[in-house]
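In what follows, a structure is listed as structure tokens, so that the remarks can point back to it.
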Amino acid sequence: ENVNYKVIQMIEVSGENYDIAKYNLIKSAFYIGADAIINITHSSTATSKITGGSISKTNVNIETETKTNVYMQGIAIKLV
């Protein structure tokens, strides 16, 4: 069955992981009065950086810092 709706706006959010990005998308849609979100897409990026370390004759210790960001977007709609 077809559902009639009008587009409110495109929403783009980000978060530290998938669940946080999804929560931010739903929260944004709720605040603008949307009934639903359609055409949801997501992507992510990860970066890592060596923050320190030490090397001795018996041990190699390398510290890294990794950051992940998930981007999510969808179209907020209102049912008519």
Side-chain angles (χ1 to χ4, degrees):
E1 182 176 328
N2 291 333
V3 177
N4 293 325
Y5 63 89
K6 71 174 190 169
V7 172
I8 298 175
Q9 73 182 62
M10 171 72 78
I11 303 172
E12 297 181 49
V13 298
S14 63
E16 295 174 3
N17 59 45
Y18 181 86
D19 290 331
I20 292 172
K22 182 175 75 172
Y23 173 82
N24 290 340
L25 186 70
I26 293 168
K27 183 172 74 170
S28 295
F30 175 78
Y31 283 141
I32 61 172
D35 292 324
I37 307 166
I38 60 173
N39 297 342
I40 298 171
T41 61
H42 72 279
S43 62
S44 63
T45 59
T47 57
S48 60
K49 172 173 89 170
I50 296 175
T51 57
S54 62
I55 300 174
S56 68
K57 289 184 178 183
T58 59
N59 193 15
V60 176
N61 181 20
I62 299 174
E63 299 171 14
T64 61
E65 179 182 316
T66 303
K67 291 184 179 181
T68 303
N69 205 7
V70 176
Y71 303 93
M72 193 171 285
Q73 65 181 13
I75 301 173
I77 62 169
K78 187 79 172 168
L79 300 176
V80 293

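Heads up: numbering here begins at 1 and tracks the sequence. All heavy atoms count here, side chains included; hydrogens, waters and symmetry mates do not. Bear in mind that the values here come from a model prediction, so they are computed numbers and not experimental data.
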With a 4.5 Å cut-off on side-chain heavy-atom distances among I, L, V, M, F, W and Y, is there a chain of contacts connecting V13 to I37? yes
Gap separating the OG1 atom of T68 from the CD1 atom of I20, nearest 0.5 angstrom: 11.0 Å
NZ of K49 to OG1 of T64: how many Å apart, nearest 0.5 Å? 11.0 Å
Decide if atom CD of E16 counts as having more than 12 heavy atoms of other residues, nucleotides or ligands within a radius under 6.0 Å. no
Hey, could you give me each pair passing ring-ring contact (aromatic ring centres under 6.0 Å, His included) that has a residue in residues 32-80? Not counting sequence neighbours. Y18-H42
Grouping ILVMFWY residues whenever side-chain heavy atoms fall under 4.5 Å, the cluster of M10 otherwise contains V3, Y5, V7, I38, I75, I77, L79
CD of Q73 to OG of S28, rounded to nearest 0.5 Å, is 12.5 Å
Value rounded to 0.5 Å, distance of CE in M72 from CD1 in I11: 12.0 Å
Would you give the length of the straight line joining atom CG of N2 to atom CG of N4, rounded to the nearest 0.5 angstrom? 7.5 Å
Can you tell me if N24 uses its side chain to pair, donor with acceptor, with the backbone of S14 under 3.5 Å? yes
If you look only at pairs with a residue in residues 66-80, which of them pass as a salt bridge (Lys or Arg N to Asp or Glu O under 4.0 Å), with sequence neighbours excluded? D35-K78, E65-K67
Among all residues two or more places apart in sequence or in another chain, which pass the side-chain contact (heavy atoms from CB on, under 4.5 Å) test with N59? S56
Sorted by chain and number, sequence neighbours left out, side-chain contact (heavy atoms from CB on, under 4.5 Å) with Y23 holds for K27
Which heavy atom of T66 sits nearest a heavy atom of S48, and at what distance? OG1-CB, 3.8 Å
Linking Ile, Leu, Val, Met, Phe, Trp and Tyr through side-chain heavy atoms less than 4.5 Å apart, which residues share a cluster with F30? Y31
